[in-house]
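One structure below.
Atoms within a ligand are numbered from 1 in the order they appear, just like the ligands themselves. In what follows, every heavy atom counts, from backbone to side chain, and hydrogens, waters and symmetry copies are set aside.
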Amino acid sequence: MRQHSDSYPTPPQDDSGRRRVLIVGGVAGGASCAARLRRLDESVEIVVFERGPYVSFANCGLPYYVGNVISDERALLVASREMFRTRFNVDVQTETEVTAIERSARVITVRDLRTGTSRTERYDALVLSPGAAPIRPPLPGVDLPGVFAVRTIPDSRRIRSWIAERHAERAVVVGGGFIGLEMVENLRKRELAVTVLEKLPQLMPPLDPEMAVPLQKHLVATGVQLHLGDGLARIEAQDEGGLVVVAESGARLPADLVILAIGVRPETALAKAAGLPLGSRGGIVVDAQMRTPDPYIWAVGDAVEAPDVVTGQETVLPLAGPANRQGRVAAEAIAGRVTSFRGVQATAVVGVLGLTVASTGASEKGLRRAGIARFEKVYLHPGHHAGYYPGARPIHLKLLFSVPDGRILGAQAVGTEGVEKRIDVIATAIQFRGTVHDLAEAELCYAPQYGAAKDPVNLAGMLAVNVLTGDMPVADWQELSRTDALVLDVREPEEFAAGHIPNAVNLPLSQLRSRIGELPRERDLWLCCVVGQRAYYATRFLTQRGYRVRNLSGGYTTYTALKGCGVVP
Ligand code: FAD
């Protein structure tokens, strides 16, 4: 965490003795800061300025309002101006934009957007929670009618009206991240045909590419068209009505409406104009108490940089959990309490048409980007509960951990049931700087309909411990095309016949003890089965017989995902 100075300034006060705390932005970070501060200090005056018409609305719920899952717009209003006034004695001024900060005089300029008039307001403490704005690339056609971003209630209201009035049948979603995918789900719920245009060759950029493969397959199976590895070039209006999204490749994707969901950018114009420093990731620089280098100004939420607890590097993370926690920390700091924001670890989940995708900590590509090389990974595909209880559904799980200490670095999971529960457990372990030994030992809920005596989290930890102890050395899938090792597939012949790794040799686990003499002693053996379990048993048996053995972690199931995204040929 950055440190701006060794000590705090004396809490400022005005002549009347009543401190004035002004908050810019009245949604996740701003609203939680206001409410927490009031709970800590009855004496301060708190005023929240919000540019939009609503305070504390559920922006995370907006896609579901488009999809009519939430049909009553009022459900999105978590709190109202009136509630802030009566319950917390907080003055919320909506449709009021803060346009300038004069730090030396400790005043801000605010403009009433209804009347267009401006005035100044004095502060003793100022909190910035302006959020992040959807990126609108400067490309032809992005401002055409029928092209939408999703940030506010009026945005989603406009999309709903457009669908209804135009009888929209086809949508193109540009961007395959969280918000794009939530829009895919909700537009499908409105029975629109949906195409996703994504510049990267995979959906969900925070995931490693092979972990996005089950998601991509699932979307295609549910009728969503994917156009991956191709960027947006322009959007054209058709004479007969409707739009055409033109990709960089020249592909033309017809649409009745277009959703732009290519990411967000921290709203830092106000801070920058006031001379507050921005970090290398473009967010406002704050310390662990969410204070900017100006001792009277704090900043929280999507607009700030925070340290990543895994890589230690500063990052911007536009998620509601960190924004709420940071708002709370800023309130505590302003109230003079000892407090500290721990950092972020990118714990996130998205549900798309019955599939859940969740992740926490660093991805493999994120670790490489951060220059962290000493790590290992395991893949596993356990059922979400005991296999003997009807309805067990696989969870595809990847766990990354450092070597040799086993510290958990990150995890990603995809499946239909129990996915976010496992990622939440691992996320908590990461927060406590836990190791894979902790996951192996974790005592978790078990009854047949919920889990297994060895929960997927335990299994992930146990596999990783096996890697660390050398009981189950793992092979690097990316070396598959270059290795001299004999790839030995220990599944049954009919499973092998249904599909296998090129050049693999089949020797089923059930025959391994009797046919061990057929195996060459001089070659490395890389073992594969469906998910890695039988290969592990074979690894233990052969290792103890003096063979040099490695396990292809996650087995043929992982192989098909890696092949599906081109990581292995
Ligand atoms: P915001 O909540 O965006 O609030 C900032 C407010 O400041 C805005 O209302 C803006 O009008 C106002 N403002 C900006 N500048 C000024 C100014 N100069 N004067 C006055 N007011 C100003 N996160 C999750 O963790 N899970 C999810 O499922 C999820 N889903 C999402 C779905 C959508 C469609 C969107 C848009 C976001 C979603 N998020 C989700 C992200 C989450 O909403 C944000 O991370 C969070 O709201 C950030 O809080 P914030 O206070 O920084 O900014």
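A donor and an acceptor atom, one from each side chain of Glu50 and Thr94, are nowhere located under 3.5 Å apart. Side-chain contact, Ser43 with Asp41: a donor N or O sits under 3.5 Å from an acceptor N or O. If you check the side chains of Ser71 and Asn68, you find no donor sitting under 3.5 Å from an acceptor.
Here the protein heavy atom with the shortest distance to atom 44 (C) of ligand 1 is Asp302 OD2, 3.3 Å. At the top of the distance list for atom 29 (C) of ligand 1, counting protein heavy atoms only, stands Cys60 SG, 3.1 Å. What sits closest to atom 53 (O) of ligand 1 on the protein, heavy atoms only, is Gly131 CA, 3.2 Å. The protein non-hydrogen atom at the shortest distance from atom 50 (P) of ligand 1 is Ser129 OG, 3.7 Å. Closest protein heavy atom to atom 17 (C) of ligand 1: Val24 CG1, 3.6 Å. For atom 43 (O) of ligand 1, the closest non-hydrogen atom of the protein is Asn59 OD1, 3.1 Å. Among protein heavy atoms, atom 18 (N) of ligand 1 sits closest to Val98 O, 2.9 Å. The closest protein non-hydrogen atom to atom 25 (O) of ligand 1 is Ala320 N, 2.9 Å.
Taking each heavy atom of Tyr65 and Arg160 in turn, the nearest pair found is O-NH1, 2.6 Å.
Under a 4.0 angstrom heavy-atom cut-off, Met183 registers as lying outside contact with ligand 1. Within the 4.0 Å heavy-atom shell around ligand 1 one finds Thr96.
Between Asp208 and Lys398 there is a salt bridge, since a side-chain N of the basic residue sits under 4.0 Å from a carboxylate O of the acidic one.
Polar contact with ligand 1: absent for Gly301 (N/O pair, distance under 3.5 Å).
Contact annotation for Pro130 and ligand 1: heavy atoms of both the backbone and the side chain come within less than 4.0 Å of the ligand. Contacts between Glu50 and ligand 1 below 4.0 angstrom, taking non-hydrogen atoms only, involve backbone and side chain alike. If you look at Pro63 next to ligand 1, the close heavy atoms, those under 4.0 Å, all belong to the side chain. At a heavy-atom cutoff of 4.0 Å, ligand 1 is contacted by the side chain of Ile179 but not by its backbone.
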Taking distance alone, no hydrogens or angles, what donor-acceptor pairs closer than 3.5 Å link side-chain atoms of residues 325-335 to residues at least two apart or in another chain?
unit_1 : atom_1 : unit_2 : atom_2 : d
Gln326 : OE1    : Gly301 : N      : 2.6
Glu332 : OE1    : Thr339 : OG1    : 2.7
Glu332 : OE2    : Arg36  : NE     : 3.1
Glu332 : OE2    : Arg36  : NH2    : 2.8

Identify every side-chain donor-acceptor pair in residues 260-276 under 3.5 Å, counting partners at least two apart or on other chains, and give the distances.
unit_1 : atom_1 : unit_2 : atom_2 : d
Glu267 : OE1    : Arg51  : NH1    : 3.4
Glu267 : OE2    : Arg51  : NH2    : 2.9
Glu267 : OE2    : Arg151 : NH1    : 2.6

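Close contacts between ligand 1 and Gly29 involve ligand atoms 49 (O), 50 (P), 51 (O) [criterion: under 4.0 Å to a heavy atom]. The contact set between ligand 1 and Ala323, taken as ligand atoms under 4.0 Å from a residue heavy atom, comprises 48 (C), 49 (O). In the vicinity of Gly25, heavy-atom distances shorter than 4.0 Å reach the ligand 1 atoms 6 (C), 7 (O), 12 (C), 21 (N).
Under the 30°/60° scheme for interplanar angles, the aromatic rings of Phe88 and Phe84 are found to be tilted.
Two residues are said to be in side-chain contact when any heavy atoms from C-beta on lie closer than 4.5 Å; Glu305 and Thr315 fail this criterion.
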Practice problem: Would you check, one step at a time, whether the test salt bridge (Lys or Arg N to Asp or Glu O under 4.0 Å) holds for Arg19 with Glu45? | Solution: CA-CA 6 Å; Arg19 292 171 74 203; Glu45 180 186 356; over 6 Å; no
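Each of Arg166, Arg170, Arg190 was checked for a salt bridge (charged side-chain N to carboxylate O under 4.0 Å, His left out) with Asp256, and the lone residue meeting it is Arg170.
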